[in-house]
There are 4 protein chains.
Amino acid sequence: MPRKPADQTVRREDILLAAAAVFRERGYAGATMAHIARRVRLTAGSLYHHFPAGKQDLLLAVLNVGMDTVIAQLEAILAQNLPPAETLRRMIEAHAMAVTQNVSVGAAMVFEIRTLIKLPPDDPSAAERDAFLARRDKFERLFRVVIERGIQEGVFRPVDVGLFTKALLGAQNWIGVWYREDGKLRGEQIAAHMAETFLAALGCFCSKTDASD
Amino acid sequence: MPRKPADQTVRREDILLAAAAVFRERGYAGATMAHIARRVRLTAGSLYHHFPAGKQDLLLAVLNVGMDTVIAQLEAILAQNLPPAETLRRMIEAHAMAVTQNVSVGAAMVFEIRTLIKLPPDDPSAAERDAFLARRDKFERLFRVVIERGIQEGVFRPVDVGLFTKALLGAQNWIGVWYREDGKLRGEQIAAHMAETFLAALGCFCSKTDASD
Amino acid sequence: MPRKPADQTVRREDILLAAAAVFRERGYAGATMAHIARRVRLTAGSLYHHFPAGKQDLLLAVLNVGMDTVIAQLEAILAQNLPPAETLRRMIEAHAMAVTQNVSVGAAMVFEIRTLIKLPPDDPSAAERDAFLARRDKFERLFRVVIERGIQEGVFRPVDVGLFTKALLGAQNWIGVWYREDGKLRGEQIAAHMAETFLAALGCFCSKTDASD
Amino acid sequence: MPRKPADQTVRREDILLAAAAVFRERGYAGATMAHIARRVRLTAGSLYHHFPAGKQDLLLAVLNVGMDTVIAQLEAILAQNLPPAETLRRMIEAHAMAVTQNVSVGAAMVFEIRTLIKLPPDDPSAAERDAFLARRDKFERLFRVVIERGIQEGVFRPVDVGLFTKALLGAQNWIGVWYREDGKLRGEQIAAHMAETFLAALGCFCSKTDASD
DNA sequence: CATGAATGAGAGTTCATTCAT
DNA sequence: GATGAATGAACTCTCATTCAT
């Protein structure tokens, strides 16, 4: 009754991406372990070898991977200490690229936070959930801070930073909803256009400074 | 506008709003008929008197109500034949207001289109589903057209209209995700800020023309 | 898809007895909801209408019913304030009768306490579990007290009351294991013999005093 | 008595005891191969090297070991041809000691016979099961015979031998349920008290004859 | 011998839906 | 209209068991 000749071993990450894809297509609640398993040619039960805590665990893993990737990139950009406009441009582009490069994970971050929040407070994953939400807030703050700095320095038009950030992130998150890997728009184009749009919205039409990084 | 016996009308709409609220909180797949029924003090079975086709029917009804409202408002604005900048401002504001005034319905429109798309093609509701998706496309086109016109007339900075519209709608849809009825931001403020942001992004800083409508 | 023409309604108690019977035959862990359901001509899912908390709930209900019955009878006997030997005889007989009259429930009380104890401490039923265990201890104490009194009064041979009670209850509980409703021994015979055996073991061969009750 | 390579023998017995312990704690149906394996620091799969027929095999092995021990001891006592009262006393004590010395195995014999009986008739272990049940009946008969003889010889009060034996074995079996290795009662005390109780119940208060064995 | 990965057969439970009352 | 009881299909998760390594 067992199978799989070892050359075709399924790795944790494969399952994770499969889960993300299924979550994107059908939503967490609409996704079944069987859906996920089928993508990696396993049976539903076998997933529990890799993610003993089950579906919930899988969701948290997906979200964390996504957040890890994005935060790492943003922090790398911030570490360069570029001027606000350039920093924001790169952040928007990096974020948009991340979303298009792994739409499924991005979509999960957009759509399934709600699922997380509905977790009963006595759930064993509650701690991990809180940790994730904290990181998400931190992520949002990274954008806020840059925008605030730009306004203070007079490079950006004064705006309600909270509202503006929500608008920006809404637009960016939404990419994961409509973007098709096989569509005509490439990630770079989308990223560039997004940056341009929101920098313009901040009254900053300065062309891309080609700082050799 | 003649009405059916008041009680009934109210009942149906109550259920609809209850459904929208539950869909917002738990997602379509995570919502149960019992959740919805409890909100209107009925039992799950009783809902079938009002929505014979069941859960799916409820979702479509919610989405249609939402779309009806928004499209009606947008068309009223377009009928006024105002200049593109002013038209767009009002459209954005009207849309944002609609989202904040009935967050649940708005959230359903954001989150549950996916559910609709996954409908098996042999489903009896497939026709209604297609009708809805067509109207959603029409809705998006209303924005596109105005933006295109503004660019042609030179009032707006030239942008990729498709991408720009996606960004705009992403930001607007996202409102339904973070907006709290009991929060400190009122719908008007949000609406105004959204309009300002995206008009600015189009290079149009003209202050609100107070055309007496 | 629904069924059952109302004349054949299944009552809560029917399910309870069915559960007890299945628990007796296969043990709690070995019993399935389907086994229980089949006995009352329902499907497994339907049991959740009557016992929303499921299998665990069913076990606790069975145990509580059993304990209720026995304790009530014992207390009635104690209330008569008869001399220790007569009291003990009647208690043993009443207990034995209770066991033979509802073997399944009795067996559950014997075999499934263990199941209860293994309940994780964060289980929602933990409180009910504790309540049950407390009542079981009280039940055991009823016997102890009578035996102690008899020893003090010199009617009973001095024995280790704790150990003696365990022996007595072990013998009584065991009835539920071997007793067959269709066997040749009637409950009364068993009850009388048990009383006689343990009164004899206490050095008390006094014949049954026929106090007209 | 020549032994197999020491390691193996030990291994097999370790597993057996581990199984008995787990069966006692959680019942056969509630025990998993993983539970058992963990106790001997193996994985579930590895158990199949030692007990190829799996869980069922383990149970039968546990029960047989228990029965072997007890029957051997009882037969040794019977072989001494002592008078009935003394024989019975020693049998009761030996049995009680066996139960307290290996509670887990004893508990399995008490609780898991039921499991055995539910074995489907086409099960490969059915023959072994029947053999075990036969030995259990033989075991019970050993007690019966001694009691009968005692009655015939007039040393014991006349009782219903079947019922009396059930009472005796019930009390003895029950020890395995309440006995705690770390409790205040030692096996010898329990054994002595049990013997005393049931000899008293047979009207035989003769003190322990200290036949030097 | 031991393990880790896998399987397949349930088990408990949930839920949309139906229908007699 | 409304309800309560019922169904059947699905879903998450568990587990004995197998086998390549």
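Lettering of chains follows the sequences in order, A, B, ..., and the numbering in each one begins at 1. Just so you know, these numbers use all the heavy atoms, side chains as well, and skip hydrogens, waters and symmetry mates.
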Can you confirm whether the side chains of C:S46 and C:H49 place a donor and an acceptor under 3.5 Å from each other? no
A:R38 CZ to F:dC11 C1', straight-line distance once rounded to whole Å: 13 Å
Can we say B:E112 and B:R136 salt-bridge, meaning some charged N sits less than 4.0 Å from an Asp/Glu carboxylate O? no
Just by modelled atom types, is the C:A31 backbone N or O under 3.5 Å from a matching donor or acceptor in the C:K55 side chain? yes
Those residues that, when tested against D:F111, pass ring pair (Phe, Tyr, Trp, His ring centres under 6.0 Å) (two or more places apart): C:F111
Using modelled atom types and a 3.5 Å cut-off, is there a donor and acceptor pairing between side-chain atoms of A:H50 and backbone atoms of A:L47? no
Can you tell me the distance, in whole Å, between the NZ atom of B:K55 and the P atom of E:dT18? 14 Å
Once you apply a heavy-atom cut-off of 4.0 Å, does C:T32 come out as touching a base, just sugar-phosphate, or nothing? sugar-phosphate
Please give, in whole Å, the distance from F:dA5 P to C:D14 CG? 13 Å
Can you measure C:Y48 atom OH to F:dC11 atom C1' for me and round it to whole angstrom units? 13 Å
Minimum-distance pair of heavy atoms, taken over all atoms of D:A29 and C:G30: CB-N, 3.6 Å
Closest of E:dT13, F:dT7, E:dG4 to the C:M33 side chain is E:dT13
Is B:R114 paired with A:E25 through a side-chain N to carboxylate O contact shorter than 4.0 Å? no
With respect to the phosphate group of E:dT7, does any side-chain polar atom (N or O) of A:T43 fall under 4.0 Å of OP1 or OP2? yes
Of the options E:dT18, E:dA2, F:dT17, whose atoms approach the side-chain atoms of D:H49 most closely? E:dA2
Between B:L47 and A:Y28, whichever has its closest DNA chain F nucleotide further toward 5' is B:L47
Using whole Å, report how far CZ of B:F51 lies from P of F:dG1. 14 Å
Counting N and O atoms only, with roles assigned by atom type, does the side chain of C:R24 sit under 3.5 Å from a partner on the main chain of C:G176, one being a donor and the other an acceptor? yes
Nearest nucleotide by nearest heavy atom, which residue falls closer to the 5' end of DNA chain E, C:Q56 or B:A53? C:Q56
note: A:I36, atom CD1; F:dT12, atom C1'; distance rounded to Å ~ 11 Å
Closest nucleotide among E:dA2, F:dT14, E:dA5 to the D:H50 side chain: E:dA2
Students often get this wrong, so: under 4.0 angstrom with heavy atoms, is D:A31 touching a base, only sugar-phosphate, or nothing? sugar-phosphate
Return the nearest nucleotide to the side chain of A:S46; candidates are E:dT7, F:dT12, E:dT17. E:dT7
Could you state the atom-to-atom distance from CG of A:L42 to C1' of E:dA5 in whole Å? 9 Å
Could you check whether A:G54 gets within reach of a base, just the sugar-phosphate, or nothing at all, counting any heavy atom under 4.0 Å? sugar-phosphate
CG of A:L58 versus P of F:dC11: gap in Å, rounded? 16 Å
Where does DNA chain F pair, written as one dot-bracket string 5' to 3', with Watson-Crick or G-U pairs under 3.5 Å, ( ) inside the strand, [ ] for crossing pairs and | for another strand? .||||||||||||||||||||
